[in-house]
**Student:** 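Have a look at this one before I ask anything.
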Amino acid sequence: MPYKTEFLMLRKRIMENDFLRMNDRQRQAVFHTEGPLLILAGAGSGKTTVLVNRFANIVKYGRAYQSTRVPMLSDDDMNAMRAAANGTASEQEYSHAVSLCAVDPVPAWRILAITFTNKAAGELKERLSLMLGSEQAREAQASTFHSFCAQILRRYGDRLGYSNRFTIYDTDDSRRLMKQCLQTLNINERLLSHKAALSEIGRAKDNLLSPDEYKSQAGKDFRLQQIAKAYSLYQRRLMEADAMDFDDLLYMTVRLFTKEPDVLESYQNRFRYIMVDEYQDTNHVQYRFVKMLSEGWGNLCVVGDDDQSIYKFRGATIENILNFETEFNNCRVIRLEQNYRSTQNILDAANSVISKNENRKGKVLWTNNKKGDKIQVNSVINEEDEGRFIADTIQDGVAANRRYSDFAVLYRTNAQSNAIERALVKSGIPYRIIGGHRFFDNLEIRDAMAYLRLINNPGDNVALRRIINQPKRGIGEATVDKAMRIADGIGASLYDVILNADNYADISRASVKLKHFTDMIENLRKMNQDKNVSLHLLYTTMLEITGYLAMWEQAGESEAGRVENLNELASSIIDYEKNSPEQPDLAGFLEETALMTDIDNYDAGTDSTVLMTMHAAKGLEFPVVFLPGFEEGIFPGMQTILQPEELEEDRRLCYVAITRAKEKLYIIHSQRRMLYGTTKRNLPSRFLADIPQCLKDIHDPSFLSSGISPSQYEGEYYQIRYKKPDRTSTFNIRENAGGGISAANFAQKRSTSTTTASHWKPGDIVCHKVFGNGKILASSPMGNDTLLEISFEKVGTKKIMANYAHLTKA
DNA sequence: AGCAAAATGATTTTT
DNA sequence: TCATTTTGCT
């Protein structure tokens, strides 16, 4: 045999031996390193294992498996190869053989692995460090979309007009800011809720539309025009506050890449291989981001499962994964369909449910595991009965040698947890609820964080407004609103305005109080500059001198938890100081917490049953799973029943839920259920009917769950049941009685105010509420508004936005 | 400015 | 039903 052929053969054998624990398909995915690759990884098919091994393969062997390149070889070399292939090599020989095999191996820092959660990124790093050693793993760029983008923007954000210490606004901050914007714009929340505005703006950012682009797309549609105005103001205020919201992190990064090709190029060059986890959950910007980055080397590997796409409501588009093959030429597709988790019966049930969906790639899971028990379907009388059934079953299981932690209860909505919790408490079953509200969402923690954010970035208006009167300092909303208007007028931050409150007639009445507040903050800011002051000292001092801690301490026994939480935050600051890889500072701490969630610290260690939503359970597995609330109107939910696309999403969610179970699955539906104060009677879920009879073991005193044909779920029966007019009509009455401005009225109001704005001309003498009389020197249109330069009699020349200054002709 | 009473409106939520 | 937000009043 010519040595070249033998070498190639030996190389394959050595590499394959190195990844023996995987099945054929998994190994194909590991070795296919060049070009675009789509891995369709079914539930429980060892996706993370593949990702980690693929990473290791690239570091160790590079593109060797797909290459026919052969190095110059001596006899000693060939002997080492043979020994390595036969498993008889010494350690030295083996590593020599590996180095002969490798073709362009790549250091870990040239590989990018993107996940959605910190938890997934952490897991990946952990498993990489087991495989490659901690040094290599530390270098690896394994991060979430958001943290990776934040990293890029901290470096190059100045090119978009942000500082390198910009603040990251979370959803709550965004909501507050949007509310303020709508108020400024005089947009009634009834006509455009802050929620609707934000979700529309989120969609705009997802489509890479700037406020101006959005505006020109809006055309004459009144509502869209309102949204365009809100978008442009919202974005302006974010920029003035040196802040970005979650969507901005991606949107701005893609804009940066477009605007500054050298930046894009440097990242393209760096990352020779890119892997994206949970690709079915990506949205449009994320797709663009990944596509741009991968255009350098073209080595993009995405892993996902179209059947587990359950985050459409957050902007995920299943099309990204469905169209991957057509978007990326010469794409290789590998399906991982062998499941290592569940029994055959559970998989069959999952397969039969998901097969009812139209919009999917198609995949059939199989397993070598045994058939196992049938799916147990239980009908109960009400939610109390449901809880009792779960509790009893867990106790029976524990009596038969199961652990509490073997059981999980997965529900559709958080509201369902109450009844179950009560039952578990009654039976003395230890349990934990995952999700719900997070530590960092607690009011007192958010307040404390707002103080820290303000110290870090005094331009952070949202933080400032949050705590300026917390504890009560006699600074009311009216004062803050006035100050905000002044700030808008002169293009300064709210903080700057109250810092010089004396200078503004409108708020001078409160100037002593405001001065007291800013003095406090200024002192804290000085402390923060001082390198000898540790972060936790800054924090505890802040709690002291602001009186924030004292406020809760005086609030009595019922608020003791808040004081505890504030102390807990101190320990997490100390934790950060201990573990921070760099010099710990305030900005670093805020960065870390902004992108952190504490669903991350679910540990399977303690022996308690877990309760969580089906969404939160994605990626987890449990020996025994309960799925309560399998009823029409709950799951699928009322809103989804009439929308085919939504229904498909709920069906995918059902698939995710079923495939969490390893051994035993209980599905429960209740005849009656108390929801939002009224008792409803719901039919069993159509998803139950999707599971073939032969897989079900039905425990049902009545006839209801024993196989209803899908046709019975459509039509009038439901119209009557769910569209009963009581609530709807009262809602209408309420709205009419509410005294809101009619759409026509509202339109008129707006248009008059905007037209007057443009009427101001240089030379006009005007009166400003704050600054008094003055003469307009110049006027220039800016966005939707007009920038006026006015020479005031009392305060000199100021630049003012016409729409926000309440000017009158003098 | 600050409080109590009344109204409102409710999936899911990786960042 | 229940938590949050707006309102109406002092």
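In what follows, chains are A, B, ... by sequence order, proteins preceding strands, each numbered from 1. Both backbone and side-chain heavy atoms feed into the values below; hydrogens, waters and symmetry mates do not.
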**Student:** Between A:Asn118 and B:dT14, is there a contact of a side-chain N or O with OP1 or OP2 at under 4.0 Å?
**Tutor:** no
**Student:** Within the structure shown, what part of the strands sits under 4.0 Å from A:Asn414 by heavy-atom distance: base, sugar-phosphate, or nothing?
**Tutor:** sugar-phosphate
**Student:** For A:Lys513 and for A:Gly677, find the nucleotide of DNA chain B with the closest heavy atom, then tell me which residue's nucleotide is more 5'.
**Tutor:** A:Lys513
**Student:** How many whole angstroms separate atom CG of A:Asp173 from atom P of B:dT13?
**Tutor:** 20 Å
**Student:** Assess the side chains of A:Asn565 and A:Glu444: does a donor N or O sit below 3.5 Å from an acceptor N or O?
**Tutor:** yes
**Student:** Return one dot-bracket line describing DNA chain B 5' to 3' (Watson-Crick or G-U wobble pairs, both distances under 3.5 Å; ( ) same strand, [ ] crossing, | another strand, . none).
**Tutor:** ||||||||||.....
**Student:** In the structure I gave you, are the side-chain heavy atoms of A:Glu591 and A:Ile168 within less than 4.5 Å of one another anywhere?
**Tutor:** yes
**Student:** Could you tell me how far apart A:Gln639 (CD) and B:dT11 (P) are, to the nearest whole angstrom?
**Tutor:** 7 Å
**Student:** For the pair A:Arg412 and A:Asp650, find out whether any cationic side-chain nitrogen is under 4.0 Å from an anionic carboxylate oxygen.
**Tutor:** yes
**Student:** In whole angstrom, what separates A:Gln416's CD from C:dT1's C1'?
**Tutor:** 15 Å
**Student:** Using a 4.0 Å heavy-atom cut-off across all strands, classify A:Arg175 as base, sugar-phosphate, or nothing.
**Tutor:** sugar-phosphate
**Student:** Could you tell me if A:Thr413 and A:Gln416 have a donor-acceptor pair between their side chains, going purely by distance under 3.5 Å?
**Tutor:** yes
**Student:** Would you call A:Phe145 stacked on B:dT15, i.e. ring centres under 5.5 Å apart with the planes less than 30° off parallel?
**Tutor:** no
**Student:** B:dT13 P sits how many Å from A:Lys119 NZ, rounded?
**Tutor:** 14 Å
**Student:** Counting side-chain heavy atoms from CB outward, which of C:dT1, C:dT5, B:dT15 is closest to A:Met674?
**Tutor:** C:dT1
**Student:** Base, sugar-phosphate alone, or nothing: which one does A:Tyr311 contact when heavy atoms must sit under 4.0 Å apart?
**Tutor:** base
**Student:** Mind running salt bridge (charged side-chain N to carboxylate O under 4.0 Å, His left out) on A:Arg453 and A:Asp460 for me, showing each step along the way?
**Tutor:** CA-CA 7 Å; A:Arg453 279 165 46 187; A:Asp460 189 338; 3.0 Å; yes
**Student:** Hey, are A:Gln235 and A:Asp248 close enough side-chain-wise for a donor-acceptor pair under 3.5 Å?
**Tutor:** yes
**Student:** Please tell me which of the listed nucleotides, B:dT15, B:dA10, B:dT13, lies nearest to the side chain of A:Tyr676?
**Tutor:** B:dA10
**Student:** Between C1' on B:dT14 and CZ on A:Phe313, what's the gap in Å once rounded to a whole number?
**Tutor:** 9 Å
**Student:** Looking only at side-chain N and O atoms, does A:Thr115 come under 4.0 Å of OP1 or OP2 in B:dT14?
**Tutor:** no
**Student:** Is there a side-chain contact between A:Val380 and A:Arg388 in this structure, where contact means two heavy atoms from C-beta onward sitting under 4.5 Å apart?
**Tutor:** no
**Student:** Roughly, in whole Å, what's the span from CG in A:Leu198 to P in B:dT13?
**Tutor:** 19 Å
**Student:** Counting only non-hydrogen atoms, which of residues 464-479 of chain A are less than 4.0 Å from DNA chain B?
**Tutor:** A:Asn469, A:Lys472, A:Gly474, A:Gly476, A:Glu477, A:Ala478, A:Thr479
**Student:** When only distance counts, do a donor and an acceptor, one from the side chain of A:Arg314 and one from the base of B:dT15, lie under 3.5 Å apart?
**Tutor:** yes
**Student:** Between B:dT13, B:dT14, B:dT11, spot the one nearest the side chain of A:Phe116, thanks.
**Tutor:** B:dT14
**Student:** Rounded to whole Å, how long is the line connecting atom CD of A:Glu632 with atom P of B:dT11?
**Tutor:** 18 Å
**Student:** Which nucleotide in the list B:dT12, B:dT11, B:dT15 gets nearest to the side chain of A:Glu646?
**Tutor:** B:dT11
**Student:** Under 4.0 Å between a side-chain nitrogen and a carboxylate oxygen: does that hold for A:Arg203 and A:Asp247?
**Tutor:** no
**Student:** Grab the CD-P distance between A:Glu591 and B:dT15 for me, whole Å please.
**Tutor:** 14 Å
**Student:** With the threshold set at 4.0 Å, does a side-chain nitrogen-carboxylate oxygen contact exist between A:Lys47 and A:Asp305?
**Tutor:** no
**Student:** Mind checking the CG-CD spacing from A:Asp385 to A:Gln671? Nearest 0.5 Å is all I need.
**Tutor:** 9.0 Å
